[in-house]
Amino acid sequence: MKLEKSKLLENKTIQISGSKSISNRLLILENLFNNIKIGNLSNSQDTQLLKKALEENTEVVDIHHAGTAMRFLTSYYSIQEGKTTILTGSKRMKERPIKNLVTALQNLGVEIEYLENEGFPPLKIEGRKITETKVDVPANISSQFITSLLLIAGKLQNGLEINLVGEITSRSYIEMTLNILTKFGIKNSFIGNTIKVEATNHQLSTINYEVESDWSSASYFYSFAALGRETIHLKSFYKKSTQGDSAIAEIYEKFFGIKTTFTEDEHKLTLQPIENFQFPEKIMLDMNNCPDIAQTLCVTAAALKIPFEISGLGTLRVKETDRLLALHNELKKLGTETEFTDLTITSISFNEPDDNISIKTYQDHRMAMAFAPFCLIKELNIEEEDVVEKSYPMFWEDLKLILTENS
Ligand SMILES: O=C(O)C1=C[C@@H](OP(=O)(O)O)[C@@H](O)[C@H](O)C1
Ligand SMILES: C=C(OP(=O)(O)O)C(=O)O
């Protein structure tokens, strides 16, 4: 996608589709408990793939790049008694770890076989009735393993007690899952490192669940507002969100002077630049709780030439691509040199951007969307633009509503 140097139009409103994370949890629960009417379901490819897999119920399921779908379905198929499922995905999915989840399910009595490499998809899953009640799960690689078990926990004969071992990563996503279980009437507790979910054999009453729009998608508009210094409105969001990425509002107010106000009746956010805002000398931030907005922030900071040191990023290396390496490579083209470890990325220097910038996206939707706001500074090309489909298929269309190609 060739993006000309553009200006941000004033006071435009963007309607963002439902949260991918919430939608994917609801689809699994809907299938297990059948008591929900979902509104504003995510239009992301990941959600569509999960929906299709659940509807078609075939023997071989290819989930492409959808990490949550891969992880959530692993537990889901584990309790489909008497059914054998082969669960596979894209080339990258076969490099994304799943061992901690598979071992937990094996310890609960499920038969799961690795069909290619030990610890990675594809998997052959023999569905079973799980009667065991306790399991240990290392919590430092991906919170999706824990959510996956939590989503089936209420359906197990005796409920489930999960002991989280080690440091807990992406904790906000575990809390989101528990919050949704509570809304469903599935009793749970999270004390210290132990999560307990009660068996839910009784009939649950039907609920209407209106999915809040996706805060990870909203993050790109915070970046546009920070660079373009015009007001943008976003719908449909709630004041108290269950999405950890809603931290973007506080982060962008503190570091980039973008104030968020909320209009209750319209579920609308207004992102308004604070006049004469004094940018910080350095941004130091732990983003372990909101890893999906780390790329957004790094590009905004790079574009504004604000030094940054972002930590808590261990999971970035095993997402759609190695996001730390991808950021390091592509920020260079914007003139920003960085260094990174397994957990951090730090800016070293800011120079002039390249003449002809062409950003590689490494099959990662967030690389494409995070770099797009740089068009407010200089024209650039975003390679393989279709990657945005994974979470935000309308992204390029929506940009047309807020940009004028006019330097
Ligand atoms: O549970 C979820 O919906 C997600 C959890 C996070 O993954 P990790 O726990 O692997 O960091 C996040 O990055 C992903 O986009 C969605
Ligand atoms: C990491 C992501 O997704 P997943 O792990 O579900 O593939 C993401 O959307 O940024």
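Atoms within each ligand, like the ligands themselves, are counted from 1 in listed order. We number each residue from 1, following the sequence as shown.
Close contacts of ligand 1 with R25, meaning ligand atoms under 4.0 Å from a residue heavy atom, involve 1 (O), 2 (C), 3 (O). Atoms of ligand 2 lying under 4.0 Å from any heavy atom of G67, numbered from 1 in the order shown and given with element: 4 (P), 5 (O), 6 (O), 7 (O). Close approach to H365 involves these atoms of ligand 2, each under 4.0 Å from a residue heavy atom: 8 (C), 9 (O), 10 (O). Contact atoms of ligand 1 toward T315: 11 (O) (distance under 4.0 Å to a heavy atom of the residue). With ligand atoms numbered from 1 in the order given, ligand 1 contributes 8 (P), 9 (O), 10 (O) to contacts under 4.0 Å with heavy atoms of S142. For ligand 1, the atoms sitting less than 4.0 Å from at least one non-hydrogen atom of S170 are 8 (P), 9 (O), 11 (O), numbered in the order shown with element in parentheses. Residue-ligand proximity, R96 to ligand 2, at heavy-atom distances under 4.0 Å covers atoms 4 (P), 5 (O), 7 (O).
Judged by distance alone, the side chains of S219 and S216 never bring a donor and an acceptor atom under 3.5 Å apart. Of the N and O atoms on the side chains of Y362 and D322, not one donor lies less than 3.5 Å from an acceptor on the other residue. Q243 and S21 form no side-chain donor-acceptor contact under 3.5 Å, judged by distance and modelled atom types alone. A side-chain N or O of S241 and one of E212 form a donor-acceptor pair less than 3.5 Å apart. For the 3.5 Å distance criterion, the side chains of Y77 and E126 fail to qualify, holding no donor opposite an acceptor. Side chain to side chain, H365 and E389 fail the donor-acceptor criterion of an N or O pair below 3.5 Å. S75 and S78 share no donor-acceptor pair across their side chains, judged by distance under 3.5 Å alone. A side-chain N or O of T169 and one of N288 form a donor-acceptor pair less than 3.5 Å apart. Residues N188 and T182 bring a donor and an acceptor atom of their side chains to less than 3.5 Å of each other.
For M176, the closest heavy-atom approach to ligand 1 does not fall below 4.0 Å. Heavy atoms of T68 come nearer than 4.0 angstrom to ligand 1 in at least one pair. Heavy-atom distances between K319 and ligand 1 reach below 4.0 Å in at least one pair.
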Taking distance alone, no hydrogens or angles, what donor-acceptor pairs closer than 3.5 Å link side-chain atoms of residues 105-114 to residues at least two apart or in another chain?
{"residue": "Q106", "atom": "NE2", "partner": "I112", "partner atom": "O", "Å": "2.9"}
{"residue": "N107", "atom": "ND2", "partner": "T103", "partner atom": "O", "Å": "3.4"}
{"residue": "E111", "atom": "OE2", "partner": "R128", "partner atom": "NH2", "Å": "3.1"}

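Closest to atom 2 (C) of ligand 1, if we only count protein heavy atoms, is Y173 CD2, 3.3 Å. At the top of the distance list for atom 3 (O) of ligand 1, counting protein heavy atoms only, stands S21 OG, 2.6 Å. Counting only heavy atoms of the protein, atom 6 (O) of ligand 2 lies nearest to T68 N, 2.9 Å. In this structure, the protein non-hydrogen atom closest to atom 10 (O) of ligand 2 is R366 NE, 2.6 Å. Annotation: atom 15 (O) of ligand 1 to nearest protein heavy atom, D292 OD2, 2.5 Å. For atom 7 (O) of ligand 1, the closest heavy atom belonging to the protein is Q144 NE2, 3.1 Å. With respect to atom 9 (O) of ligand 1, the closest heavy atom belonging to the protein is S143 OG, 2.6 Å. In terms of protein heavy-atom proximity, atom 2 (C) of ligand 2 is closest to E320 OE2, 3.0 Å.
Checking only distances, Q144 does come within under 3.5 Å of ligand 2, N or O to N or O.
The proximity of R323 to ligand 2, defined as any non-hydrogen pair under 4.0 Å, is limited to the side chain. Looking at H65 against ligand 2, only its backbone comes within 4.0 Å, counting heavy atoms.
Annotation: salt bridge (charged side-chain N to carboxylate O under 4.0 Å, His left out) contacts involving residues 296-305, sequence neighbours excluded, are absent.
The residues K319 and D364 are annotated as not salt-bridged, no charged nitrogen and carboxylate oxygen being separated by less than 4.0 angstrom.
The side chain to side chain donor-acceptor pair (under 3.5 Å) test with H233 is passed by exactly one of T263, T261, N11: N11.
Closest heavy-atom approach to atom 4 (P) of ligand 2 within the set K390, K319, M70: this belongs to K390.
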